[in-house]
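Note that the structure is predicted; figures quoted are calculated from it, not measured. Protein chains get the first letters and strands the later ones, always in sequence-line order, with residue 1 at the start of each.
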Amino acid sequence: MSSDRRKPYPFDLFEPKWQAHWDAHETFRVRNPGEPGFDASRPKFYVLDMFPYPSGAGLHVGHPEGYTATDIIGRYKRMNGFNVLHPMGWDSFGLPAEQYAIKTGQHPAVTTAQNVAKFKTQLKTIGFAYDWSREIATSDPDYYRWTQWIFLKLYNSWFNPASNKAEPIETYSGENPDSVRLAYVSEAPVNWCPGLGTVLANEEVIDGKSEVGGYPVERRPMRQWMLRITAFGQRLIDELDGLTWPESIKLLQRNWIGRSEGAEVHFQLAEGDRRITVFTTRPDTLFGATYMVLAPEHKIVDEITVEDQWPAVREYRERTARKSDLERTELAKEKTGVFTGAYAINPVNGERVPIWIADYVLQGYGTGAIMAVPAHDERDLEFAQKFKLPVKPVVLAPGKSEEESIGFCDNGVAVNSPLIDGLPTPEAKSKISTWLEERGLGKRSINFKLRDWLFSRQRYWGEPFPILWEGGRHRALSESELPLTPPPLDDFKPTGTPEPPLSKAVDWVRYSETATRELNTMPQWAGSCWYYLRYCDPTNSDRFVSKAAEEYWMGGGQPGGVDLYVGGTEHAVLHLLYARFWHKVLFDLGYVSTPEPFQRLVNQGIILGEDGQKMSKSRGNVVNPDDVISQYGADAFRLYEMFMGPLEQMKPWSMTGVEGVSRFLARVWRLVMEENQAGEWVPSQALSDSTPVDKALLKVLHATIKKVGEDIESLSFNTAISQMMICTNALTGVSPRPVSAIRTLLQLLNPFAPHLTAELWETLDRRFAASPVSLVDQPWPKFNPAFLVEDEIEIVIQVNGKNRDKLVVSKDASKEEVEAAAKDSAKVQESIDGKTVRKVIVVPGKLVNIVAA
RNA sequence: GCCGACGUGGCGAAAUGGCAGACGCAACGGACUUAAAAUCCGUUUUCGCGAAAGCGGAGUGUGGGUUCGAGUCCCACCGUCGGCACCA
């Protein structure tokens with residue numbers, strides 16, 4: 001019924017028309033330095049969207065939210081004289097494509113191509129000003145060739161702590177380069193998911209089950225490729241400072257990296273000459289360390305456990321190994337552990353302390369061993385109480401006794417600690433650290449929660465590693481052999497064992513008589529770690545990006561990098577951290593010109609369903625962009641996405657809201673067009689190019705120019721649209737209607753509603769003198785402040801902060817004149833009657849507040 | 001438990017420390033129409049008084065504070081959402 005309804009303006013005719021026009025004329029193609037048509041005099045602006053994973057479901061309304069925002073910025077910057085790089089591509093490797101392929105029996109390359117075609121059609125239907133000549137796909141061999149190339153750079157580099165930089169492996173002078181490479185092989189317990197037939201990153205495991213499919217995940221040690229992101233922990237924290245990112249995202253990254261300052265302390269074993277090293281952030285509590293705890297997996301447990309305790313220790317270790325992370329943490333309300341029977345010597349007081357194992361100590365953090373200070377650590381206290389271990393207070397809480405200070409975990413004053421008694425915690429930490437360092441008993445140390453990045457997957461649909469194995473050792477494939485394409489497997493199902501599917505391609509695996517290929521593939525994050533660089537020079541077959549293109553688009557003055565990056569928060573500690581890491585390696589090795597890839601980051605908020613709930617198929621509240629566009633048009637869709645509320649805020653969808661902005665666009669349409677007797681749209685009779693714009697209209701118009709420009713700069717699109725509505729409402733009743741004012745409004749509205757404005761601009765060109773420049777290249781209108789000043793201003797008069805009267809005064813009125821006029825007011829007289837005026841505040845142009853008592 | 005963000009009409013929201021609720025939705029009234037839709041014009045935070053124009057009071061999660069003046073700044077609490085979760 002509603003679809004039969006006559007459309008308020010014929011978007012169904014002119015939207016496809018302009019999309020075809022932009023395509024045919026390559027309107028939004030931008031040239032690189034050195035190419036014909038490149039204008040070096042213009043500054044650059046690189047505005048980037050997080051490229052989508054092309055799923056079978058197509059676009060949802062969340063994608064175009066950020067994409068519309070960047071589109072507005074891009075078009076606006078172009079009108080302001082910038083060379084704008086605004087590209088789009090596909091994050092097209094990944095598990096869902098592979099799973100869908102397994103289900104349907106189609107090759108993932110086929111389904112991926114279909115999905116990409118669908119996404120591309122949808123994006124074009126919204127009228128985004130992408131430079132489609134720069135389209136890339138991470139699963140394209142011409143692209144992943146360079147992903148593999150970057151992997152080889154990581155493989156052939158190490159982190160030199162002296163220079164605090166990644167350097168070519170040749171500069172490493174140690175015995176074993178394999179121990180320091182940024183890409184290395186490690187045998188470690190990983191999340192193995194038999195259901196999916198692959199290992200998963202920690203982020204891909206939720207409540208002990210796989211995020212995709214909900215299959216159980218178990219821990220098992222496997223040989224895997226790791227990337228040494230931990231070496232960059234400090235820089236990844238420090239270099240956040242200069243970035244224009246939401247503070248909350250920076251904080252998320254800082255917390256994820258989790259830097260802790262403290263000390264390593266060596267505890268000599270009571271028997272034998274081995275020692276155990278612990279990490280602590282509270283070396284000042286060393287005198288209160290009454291026992292030690294090792295992670296059950298700690299290697300030294302084998303050596304120190306006494307005969308009698310072996311059965312209990314073995315049993316505990318096996319039980320722990322079977323537990324998922326979930327069971328080890330959330331469900332484990334009660335502390336568990338076993339005594340090894342061994343003792344160590346506390347280095348500061350020579351006391352014998354028992355050594356336990358317990359799963360509340362994690363093998364992966366610090367040294368996998370702790371000194372337990374039950375008096376000043378909640379977890380240790382709980383453990384000590386359960387197993388009747390001694391508790392000795394060594395930090396005095398302010399105003400509390402020793403006994404009362406048990407359980408106090410903040411800074412206080414050292415007590416029962418002969419070396420540092422009476423010292424406040426910070427000084428005590430420092431003094432004891434120095435004391436330990438002087439005696440070789442320990443040293444200051446910094447630890448990070450961040451773990452090295454598990455980089456291999458047992459999947460088919462991903463980048464193969466450019467690595468060969470020979471005689472039990474790995475070596476790099478030469479760069480000339482890239483891209484290394486996966487074998488054309490018909491059966492790419494997981495093997496059901498940790499053996500990757502690529503193992504089925506026997507011929508492919510065999511590289512030579514003696515060498516075989518690495519069978520793992522890279523995770524989906526690999527391709528997205530550097531795609532923003534490839535956009536700068538997407539078809540280059542000699543280099544991942546030419547130096548000139550990189551320097552222009554990513555350098556280009558200070559601070560450089562992508563000027564604006566818009567995407568969801570969900571990537572705060574994944575993609576955004578991984579990409580920063582790769583970028584720093586490339587920067588250190590001299591391949592890119594900035595240390596950071598994304599200068600300004602904005603997160604768009606999630607769009608909820610009409611019911612205020614998260615959109616999901618099961619709730620049946622999913623809004624399909626195609627439906628909205630066919631009913632209201634692309635411009636209304638774009639405008640509504642921006643009018644809903646602040647970009648960064650979570651907000652619910654509303655179809656009547658779409659109708660509202662559609663009505664607004666129809667009003668703009670009818671400023672220029674009217675229906676004739678036959679019901680056809682023709683240029684309005686009210687239009688006039690000879691009528692001057694009157695003063696009141698000029699004021700609204702210039703206020704709109706000012707506000708829309710400012711609001712676009714600050715990404716406050718919702719208020720920019722409000723202002724254009726006000727402007728349109730002001731123009732609606734006017735007849736004759738000045739064409740120049742309408743042209744200005746069309747220019748302002750163009751980045752938001754590009755089709756409608758292009759169509760009306762063309763109509764005005766036909767009806768009146770044609771503008772020499774097409775709308776997309778019109779210079780952004782300048783506002784004239786002179787039109788905004790008023791001769792007379794309304795001033796609010798308050799008495800004791802309450803509004804009592806309003807007064808119209810000349811804009812040149814002095815403070816004294818305004819004050820006198822205010823006091824003259826009858827209503828003010830009434831209010832201050834019988835009171836003494838104590839004080840008068842005059843805010844020029846705004847208000848007068850009379851304080852009387 | 002820890003960290004962070006946010007609480008404003010019936011709804012989405014707006015407000016450099018200076019007239020709270022712009023703009024839009026919904027609702028109601030009117031014009032146009034044989035009628036409806038569309039369109040146009042108006043009303044709409046709330047309470048009290050008033051036939052009405054209007055007049056007066058209250059009001060931005062709660063309670064305090066700073067200030068001539070607080071939605072905005074500070075403190076405490078309550079609630080919603082997001083992140084981390086035995087990281088020594």
Residue list, salt bridge (Lys or Arg N to Asp or Glu O under 4.0 Å) with A/Lys806, at least two apart or on another chain:
none
Nearest-Å distance for atom pair CG/C1', residues A/Leu577 and B/C84
15 Å
5′-ward residue of the pair A/Thr569/A/Asp380 relative to RNA chain B
A/Thr569
Between B/A88 atom C1' and A/Lys429 atom NZ, what is the distance in whole Å?
12 Å
I'd like the C1' distance from B/A15 over to B/A70, given in whole Å.
13 Å
Qualifying residue, where the test is side chain to side chain contact (heavy atoms under 4.5 Å, CB included) with A/Leu294 and the options are A/Ile355, A/Thr367, A/Ile370:
A/Ile355
Scoring nucleotides 12-23 of chain B by protein non-hydrogen atoms under 4.0 Å (B base, S sugar-phosphate only, - none) yields BSS-B-BBS-BB
At 4.0 Å (heavy atoms only), tell me whether A/Leu252 reaches a base, stays on the sugar-phosphate, or touches nothing.
sugar-phosphate
Measure all distances between protein nitrogen or oxygen atoms and nitrogen or oxygen atoms of nucleotides 26-29 of chain B, and list the pairs falling under 3.5 Å.
unit_1, atom_1, unit_2, atom_2, d
B/A26, OP2, A/Arg663, NH2, 3.1

Could you work out which one of B/A88, B/C84, B/G57 sits closest to the side chain of A/Tyr365?
B/A88
P-based separation of B/U45 from B/A22 [nearest Å]:
8 Å
Using a 4.0 Å heavy-atom cut-off, does A/Gly366 contact any base of the nucleic acid, only the sugar-phosphate backbone, or nothing at all?
nothing
What pairs with A/Arg670 under side chain to side chain contact (heavy atoms under 4.5 Å, CB included), at least two apart in sequence or on another chain?
A/Ala666, A/Arg667, A/Trp681
Would you measure the distance from the P atom in B/U33 across to the matching atom in B/A52 and give it in whole Å?
32 Å
Which is true for A/Ser654 with a 4.0 Å heavy-atom rule: it touches a base, it touches only sugar-phosphate, or it touches nothing?
nothing
Determine the interatomic distance between C1' on B/C2 and the same-named atom on B/A20; round to the nearest Å.
36 Å
Under-4.0 Å side-chain N/O to phosphate OP1/OP2 contact, A/Arg667 with B/C40
yes
Partner set under side chain to side chain donor-acceptor pair (under 3.5 Å) for A/Glu261, not counting sequence neighbours
A/Arg259
Atom CD of A/Glu264 to atom P of B/A88: distance rounded to whole Å?
13 Å
Summary of side chain to side chain donor-acceptor pair (under 3.5 Å) pairs that have at least one residue in residues 636-650 of chain A, sequence neighbours excluded
A/Asp71-A/Arg638
Heavy-atom nearest nucleotide on RNA chain B taken for A/Asn447 and for A/Lys827; more 5' hit belongs to A/Lys827
If you count the non-hydrogen atoms of other residues, nucleotides and ligands that lie under 6.0 Å from NZ in A/Lys699, is the total more than 12?
no
Just to verify, what does A/Arg580 make a salt bridge (Lys or Arg N to Asp or Glu O under 4.0 Å) with, not counting sequence neighbours?
A/Glu596
With A/His298 via ring pair (Phe, Tyr, Trp, His ring centres under 6.0 Å) - residues at least two apart:
none
Integer angstrom distance from the C1' of B/G24 to that of B/C74
35 Å
Which whole-number value in Å describes the distance from A/Arg254 CZ to B/C84 C1'?
16 Å
Can you check the distance between B/G48 and B/G65, where both ends of the measurement are the C1' atom (answer in whole Å)?
32 Å
Determine the interatomic distance between P on B/G4 and the same-named atom on B/G17; round to the nearest Å.
23 Å
From NE2 of A/His376 across to P of B/A88 the rounded distance in Å is 17 Å
From CD1 of A/Ile257 across to P of B/G83 the rounded distance in Å is 18 Å
Can you list the steps and then say if A/Thr569 with A/Asn603 is a side-chain hydrogen bond (donor to acceptor under 3.5 Å, both in side chains)?
CA-CA 6 Å; A/Thr569 339; A/Asn603 295 118; 4.6 Å; no
Results of ring pair (Phe, Tyr, Trp, His ring centres under 6.0 Å) for A/Phe783 - residues two or more places apart only:
none
Rounded to whole angstrom, note down the C1' distance from B/A27 over to B/G10.
9 Å
Can you list the residues that meet the salt bridge (Lys or Arg N to Asp or Glu O under 4.0 Å) rule with A/Lys392, with sequence neighbours excluded?
none
Please state whether the rings of A/Phe383 and A/Phe387 are parallel, tilted or perpendicular, taking 30° and 60° as the class boundaries.
tilted
Touch class at under 4.0 angstrom, heavy-atom based, for A/Thr732 against every strand present
nothing
Answer yes if the side chains of A/Thr230 and A/Asp452 hold a donor-acceptor pair under 3.5 Å, and no otherwise.
yes
Separation of B/C40 atom C1' from A/Arg670 atom CZ, nearest Å, is 9 Å
Can you name the ring pair (Phe, Tyr, Trp, His ring centres under 6.0 Å) partners of A/Phe408, sequence neighbours left out?
none
Does B/G9 sit syn or anti, given that only angles within 90° of 0 count as syn?
syn
Stems with RNA chain B, 3 or more Watson-Crick or G-U pairs in a row (under 3.5 Å), are B:1-7 with B:78-84, B:10-12 with B:23-25, B:27-31 with B:39-43, B:45-49 with B:54-58, B:61-65 with B:73-77
In whole Å, I'd like the distance from the CG atom of A/Leu574 to the C1' atom of B/G83.
12 Å
